[in-house]
2 protein chains.
Amino acid sequence: MGLRIRLLLLLLLLVGAAAAAAGSKEEKGRVGGGLRFRRGSGTFKVVQVADMHYADGARTGCLDVLPSQVAGCSDLNTTAFLYRLFRAEDPDLVVFTGDNIYGADATDAAKSMDAAIAPAIDMKLPWAAVLGNHDQEGTLSREGVMRHLVGMKNTLSRFNPEGVQIDNYGNYNLEVGGVEGTLLANKSALNLYFLDSGDYSTVPSIGGYDWIKPSQQFWFQQTSSNLQTKYMKEQPKQKEPAPGLVYFHIPLPEFSSFKASHFRGVKQEPISSPSINSGFFATMVEAGDVKAAFVGHDHLNDFCGKLDGIQLCYAGGFGYHAYGKAGWSRRARVVSVQLEKTGSSEWGGVKSIRTWKRLDNPHLTTIDSQVLWSRGSNEQLEVSFEGS
Amino acid sequence: MGLRIRLLLLLLLLVGAAAAAAGSKEEKGRVGGGLRFRRGSGTFKVVQVADMHYADGARTGCLDVLPSQVAGCSDLNTTAFLYRLFRAEDPDLVVFTGDNIYGADATDAAKSMDAAIAPAIDMKLPWAAVLGNHDQEGTLSREGVMRHLVGMKNTLSRFNPEGVQIDNYGNYNLEVGGVEGTLLANKSALNLYFLDSGDYSTVPSIGGYDWIKPSQQFWFQQTSSNLQTKYMKEQPKQKEPAPGLVYFHIPLPEFSSFKASHFRGVKQEPISSPSINSGFFATMVEAGDVKAAFVGHDHLNDFCGKLDGIQLCYAGGFGYHAYGKAGWSRRARVVSVQLEKTGSSEWGGVKSIRTWKRLDNPHLTTIDSQVLWSRGSNEQLEVSFEGS
């Protein structure tokens with residue numbers, strides 16, 4: 001039984017790889033290694049993979065699956081889900097938001113990371129990663145894990161900004177250019193920020209998880225400010241900042257602000273944020289360009305809630321060696337950013353940002369589709385329930 | 001009646017000035033304009049003056065005093081309290097923690113500030129100031145008020161650190177040297193930090209008061225770190241950081257953390273902190289050297305409460321043109337920092353930090369005396385109730 005499932009998985013992997021190699025990728029513009037909106041659809045799509053907890057591959061069993069699923073279940077199920085997801089969504093970028101590997105169970109942290117990320121590389125997808133609190137618990141330090149990540153193929157991850165004194169490892173930003181040949185071709189129409197939310201508090205009197213530090217927030221603020229100035233002051237001048245999306249691992253204390261009626265998705269466990277508020281939510285609000293922040297860490301929470309104009313979103317747990325809930329599908333969050341058609345039928349700036357989740361079930365069911373932000377809308381809660 | 005009271009006040013002012021001029025100041029070491037602990041007592045004493053709300057002097061009436069006190073009551077009562085307080089406490093430093101003037105009622109902001117601070121200058125006391133949310137509401141901008149303050153006599157206030165990109169006006173630190181002739185003579189045995197907590201939120205979706213920004217926190221963190229390195233790595237090396245005290249105007253959200261049984265003093269109005277947490281409390285906790293933070297802003301609150309090893313203290317309202325509570329004395333907070341005697345009977349580093357408040361009544365009553373911090377004590381709540 002276990003062998004049959006393994007063979008089936010292997011077959012799926014091979015089919016996936018072949019499909020990816022054969023699939024036409026010419027539509028995606030990645031000029032000079034940079035990211036761009038697609039010409040045909042005017043979209044840019046990000047798949048977020050949270051908490052793979054990858055360890056030793058086929059030798060590492062699954063946690064919290066149904067009794068009928070235990071036999072033969074391993075990290076390879078996580079890998080298979082990646083392939084299926086990537087084929088289904090054909091993303092322009094994959095973001096791994098930490099706890100990519102489960103260091104404590106990984107015999108060789110570098111090999112585990114290589115295996116965990118392999119499907120993205122195999123399918124020639126650009127990808128970026130940040131660290132969680134478990135990535136470093138094996139044979140590599142946090143610095144070591146991040147240095148390994150930035151040396152991997154097809155990655156857009158960076159170690160840290162140069163010439164800046166900053167805490168932690170893996171704070172960087174990516175620009176997504178407008179459609180080639182349009183007025184916004186040389187502008188960043190969408191900004192992606194990645195921060196390392198650390199692992200555990202090092203302050204003796206404060207227990208629990210670490211937090212995003214002033215140095216990181218100062219860098220973020222300056223980066224956002226510079227991007228906004230470029231977008232709005234340089235020709236062709238834009239009226240509003242390009243939207244920003246922020247990715248990191250540990251939820252901010254503000255994720256606890258929502259009542260059940262004010263978010264979309266589920267909250268099935270407490271918000272495991274730091275026990276102290278280091279102010280990054282305030283910093284994002286003040287920056288003015290951020291429309292949504294995406295985290296992982298709490299595998300059983302997968303909601304988005306809007307606070308002070310910013311959508312705070314969980315992805316839900318992805319990996320089979322991570323704790324989960326038997327019968328509750330592993331999942332991923334997809335974000336699709338849509339440009340608007342300008343009068344001249346060209347693509348302009350961002351018009352709306354949608355999100356949905358994909359479940360790892362036979363149909364890769366899409367759930368909780370909603371508009372996170374749209375241009376010109378007011379700041380009230382917007383939830384559309386048309387998703388399946 | 002009004003005239004008699006004014007004459008009495010004038011007499012008090014003159015007596016105060018004469019006493020100050022005659023008093024021996026030789027014990028206070030202020031080498032090269034710097035601050036120092038006293039040789040005789042091994043102490044350094046700071047008087048905090050919060051919310052003077054000074055406007056046009058004798059022409060500006062008092063708020064919230066008893067009916068019997070209304071006639072003849074003006075900004076000059078605030079001035080008289082300053083003189084009496086300074087004579088009674090003989091401080092080594094006076095800190096004005098914002099809303100020093102009430103801009104909206106001040107015909108000439110610069111003249112109001114000159115008059116408000118005059119007693120400290122007159123008595124040749126070193127003084128420092130930060131801005132509140134009302135200082136700029138008159139004829140000077142926030143920048144203008146701070147530029148005026150740093151140009152005044154005897155001030156140790158500074159506009160902002162040089163060569164650093166920083167928000168707001170009046171972020172600086174002061175070092176307090178050990179006793180002259182001792183091993184710590186050339187070290188800062190006590191560090192004072194001053195920050196501008198701003199005025200009102202400029203983010204459209206966020207109402208209420210402003211907050212301490214990442215740039216300010218980054219500067220604070222670096223400054224604290226550099227001071228700790230100097231103190232502990234340079235000869236004579238010290239085992240623990242020199243204690244830090246922080247002064248600013250608007251209370252942090254964490255001031256709302258206390259139940260009545262867990263602070264000393266009173267809470268008679270809501271905590272008017274920003275509606276968003278910008279993380280400065282976390283930054284102070286992480287820095288590791290801060291033992292207490294002192295604010296004003298809420299005139300009817302005067303408590304100290306300890307959270308995560310840091311005492312969060314209000315001063316209580318000082319000024320007579322500020323809102324208050326009839327029959328509840330205007331007041332000031334005093335902090336006295338005591339050095340320890342080393343084996344060689346020299347003065348060493350800081351041993352303890354005490355605080356009390358002085359009330360503006362005929363006896364200048366001292367209340368709520370308590371130990372804020374002492375070396376080697378655990379991090380539990382320490383409240384001593386021996387004060388009268």
Side-chain angles (χ1 to χ4, degrees), chain A residues 164-168 171 195 197-198 200-226 240 252-254 256-257 273-291 306-310 378-381, chain B residues 164-168 171 195 197-198 200-226 240 252-254 256-257 273-291 306-310 378-381:
Chain A
V164 169
Q165 188 183 331
I166 199 160
D167 287 88
N168 294 333
N171 303 285
L195 291 101
S197 51
Y200 304 98
S201 167
T202 55
V203 177
S205 63
I206 308 285
Y209 295 106
D210 208 357
W211 48 84
I212 297 175
K213 306 298 161 74
S215 62
Q216 298 171 275
Q217 298 185 42
F218 186 47
W219 161 79
F220 164 80
Q221 191 184 47
Q222 290 189 303
T223 303
S224 163
S225 171
N226 291 340
E240 293 174 46
L252 303 171
E254 284 80 3
S256 298
S257 309
S273 48
S275 62
I276 200 163
N277 191 329
S278 80
F280 187 54
F281 180 74
T283 299
M284 288 195 296
V285 170
E286 187 164 26
D289 61 334
V290 175
K291 306 307 174 198
K306 192 172 181 179
L307 184 68
D308 295 331
I310 297 182
N378 63 32
E379 295 294 313
Q380 297 310 305
L381 185 76
Chain B
V164 170
Q165 188 184 329
I166 199 160
D167 286 271
N168 295 333
N171 302 285
L195 292 102
S197 51
Y200 304 99
S201 167
T202 55
V203 176
S205 63
I206 308 286
Y209 296 105
D210 208 356
W211 49 82
I212 297 174
K213 306 299 161 73
S215 61
Q216 299 172 275
Q217 297 185 45
F218 186 48
W219 161 79
F220 164 81
Q221 191 184 48
Q222 290 189 302
T223 304
S224 163
S225 171
N226 291 339
E240 293 175 46
L252 303 171
E254 285 79 2
S256 298
S257 309
S273 49
S275 62
I276 199 163
N277 191 329
S278 78
F280 187 55
F281 180 74
T283 299
M284 288 195 295
V285 170
E286 187 164 27
D289 60 335
V290 175
K291 306 307 174 197
K306 193 172 180 179
L307 184 68
D308 295 331
I310 297 182
N378 63 32
E379 295 293 314
Q380 298 309 304
L381 185 75

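So that the names make sense, note that chain A is the first sequence line, chain B the second, and so on, each numbered from 1.
When heavy atoms are compared at a cutoff of 4.5 Å, Q216(B) does not approach chain A at all. If you measure heavy-atom distances from Q221(B) to chain A, the contacts under 4.5 Å come from the side chain alone.
Counted by atom type alone, T223(A) and W219(A) present one or more donor-acceptor pairs between their side chains at under 3.5 Å. No side-chain N or O of N277(A) forms a donor-acceptor pair with one of E254(B) less than 3.5 Å apart. Under the 3.5 Å distance criterion, with hydrogens and angles disregarded, a donor-acceptor pair is assigned to the side chains of S224(A) and D289(A). Residues S205(B) and D308(A) have side chains that never bring a donor and an acceptor to within less than 3.5 angstrom of each other.
Highest contact tally toward chain A, considering only V285(B), I276(B), T283(B), is held by I276(B) [criterion: heavy-atom pairs under 4.5 Å].
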